[in-house]
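The analysis underlying the following values was restricted to heavy atoms, covering all of them including side chains, and did not include hydrogens, waters or symmetry mates. One is the number of the first residue; the rest follow in order along the sequence.
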Amino acid sequence: MTLVAPPGVSRRHALLGLSAAALPAFAAAPAAAARLRPPTDIQRAEWAAFRDRFMAPEGRIVDTGNQNISHSEGQGWALMSAVRADDRESFDRLLAWTVTTLRRPQDELFSWRFRPGAATPVDDPNNATDGDLFMAWALLEAGQRWGNRDHTAQGTALARDILRLLVRRAGTYWVLLPGARGFERADHTIVNPSYYAFPAIRALAQAVPDPAWLRVAADGVALMRNGRFGRWGLPPDWLAVRRVDGLLSLPGDWAPRFSYDALRVPLYMAWVGLAQEPSLTGSADFWNDPRHRHLPAWVDLTTNIISPYAASPGIGGVAALATARRGQPRPARLAMPGTVVPPMPDYYSGALSLLSTLAARDSDLI
């Protein structure tokens with residue numbers, strides 16, 4: 001199924017739609033005192049468990065499920081978690097490795113991948129926008145928490161380059177490119193819905209005011225309202241936006257799934273209070289469907305076939321958060337993030353658990 005933007009939908013209409021319905025929740029960022037409050041004991045313990053298992057001594061986060069490579073997303077998520085855990089020593093190590101190894105010389109963005117042992121460990125200079133968003137947010141919060149003007153300046157510069165280099169018009173939408181190059185095709189633009197890290201966008205919009213942030217957020221929500229597929233109406237991992245008219249479809253370059261990328265869409269929507277958006281409510285319905293014998297890790301959006309194996313504890317944390325935000329009773333098998341230190345079978349599961357805990361705390365669910 002391909003869903004398109006309604007005829008005549010303009011950027012202004014998308015902005016007005018978000019402003020009228022969902023923007024109050026999106027704009028209501030936690031007060032600085034709430035964001036910078038002392039971490040809970042479980043929050044500290046959860047971060048310590050992740051740090052001790054997945055952070056190398058030099059400050060790189062190791063993706064244990066993917067040949068031990070490192071990503072800018074992992075560095076950004078860890079930097080944010082270290083700030084919230086008030087762990088300045090770990091933050092400094094993470095930042096030093098990231099800046100030394102991944103910083104692009106031509107701008108403020110970061111290369112997306114490091115491959116240990118390769119002749120050229122950073123062989124692709126392209127960035128990953130979600131990693132950059134989280135790094136900018138972490139730097140800005142670090143500047144506030146620890147009074148470090150250099151962090152604030154670096155976070156501000158990174159935020160400005162995200163706007164300058166990664167925002168483009170595609171059909172009826174202003175989109176956030178997943179990376180600076182490779183996603184603008186002859187007749188369509190590729191976007192990754194999970195790269196719309198709404199809590200980071202909200203924080204950057206407050207710290208570095210520019211109307212473009214609202215435009216990106218509003219059209220991002222519109223993309224996720226209109227670009228849903230399958231039985232449960234879910235966002236895909238990757239989405240094609242036709243440049244002439246904004247028609248949305250599933251690109252042929254990737255499997256047509258709601259999977260390890262797209263599951264972050266309900267996480268980020270829950271984080272900023274977009275609890276009634278169909279991408280969140282559909283995800284909660286999917287994970288809580290009584291026909292499932294196990295919690296699915298993914299679903300094929302063209303066949304509705306779910307993963308033959310159960311989802312990780314980190315995905316369970318996202319499912320619990322989405323369920324709680326929707327106001328549904330939470331199944332006993334789904335622990336609320338931030339109430340226990342979850343198992344961390346691999347890097348990505350652990351990272352999802354950390355993010356879900358931060359989201360639950362910002363939402364006053366724990």
Would you find a donor on one side and an acceptor on the other, under 3.5 Å apart, between the side chain of [X] and the backbone of [Y]?
X	Y	result
Thr339	Met336	yes
Asp237	Ala262	yes
Asp132	Ile162	no
Asp161	Glu108	yes
Ser279	Met224	yes

Are [X] and [Y] ion-paired here, with the side-chain N under 4.0 Å from a carboxylate O?
X	Y	value
Arg115	Asp123	yes
Glu184	Arg168	yes
Asp87	Arg44	no
Arg225	Glu277	yes
Asp300	Arg231	no

What is the distance from atom [atom1] of [X] to atom [atom2] of [Y], rounded to the nearest 0.5 Å?
X	Y	atom1	atom2	result
Arg103	Met135	CZ	CE	10.0 Å
Ile69	Arg60	CD1	CZ	9.0 Å
Tyr268	Leu133	OH	CG	9.0 Å
Arg149	Thr156	CZ	OG1	13.0 Å
Leu166	Leu109	CG	CG	5.5 Å
Leu204	Arg202	CG	CZ	11.0 Å

Hey, is CD on Gln106 packed in by over 12 heavy atoms from elsewhere, all under 6.0 Å? yes

Atom CG of residue position Asp52 - does it have more than 12 heavy atoms of other residues, nucleotides or ligands inside 6.0 Å? yes

Hey, what's the ring geometry for [X] with [Y], parallel, tilted or perpendicular (30° and 60° as the breaks)?
X	Y	result
Trp238	Phe183	parallel
Phe54	Tyr347	perpendicular
Trp137	Trp271	tilted
Phe258	Phe286	perpendicular

Would you say the ring centers of Phe91 and His151 fall short of 6.0 Å from each other? yes

Distance-only donor-acceptor check, side chains Asn304 and Trp232, under 3.5 Å: no

Ignoring hydrogens and angles, state whether a donor on the side chain of Gln43 or Arg84 is under 3.5 Å from an acceptor on the partner side chain. no

Start with the C-alpha distance between Asn226 and Tyr173, add both sets of side-chain angles, then the distance that settles side-chain hydrogen bond (donor to acceptor under 3.5 Å, both in side chains), and finish with yes or no. CA-CA 11 Å; Asn226 298 324; Tyr173 302 95; 3.1 Å; yes

Looking at residues at least two apart in the chain, or sitting in another chain, which of them share a salt bridge (charged side-chain N to carboxylate O under 4.0 Å, His left out) with Asp63? none

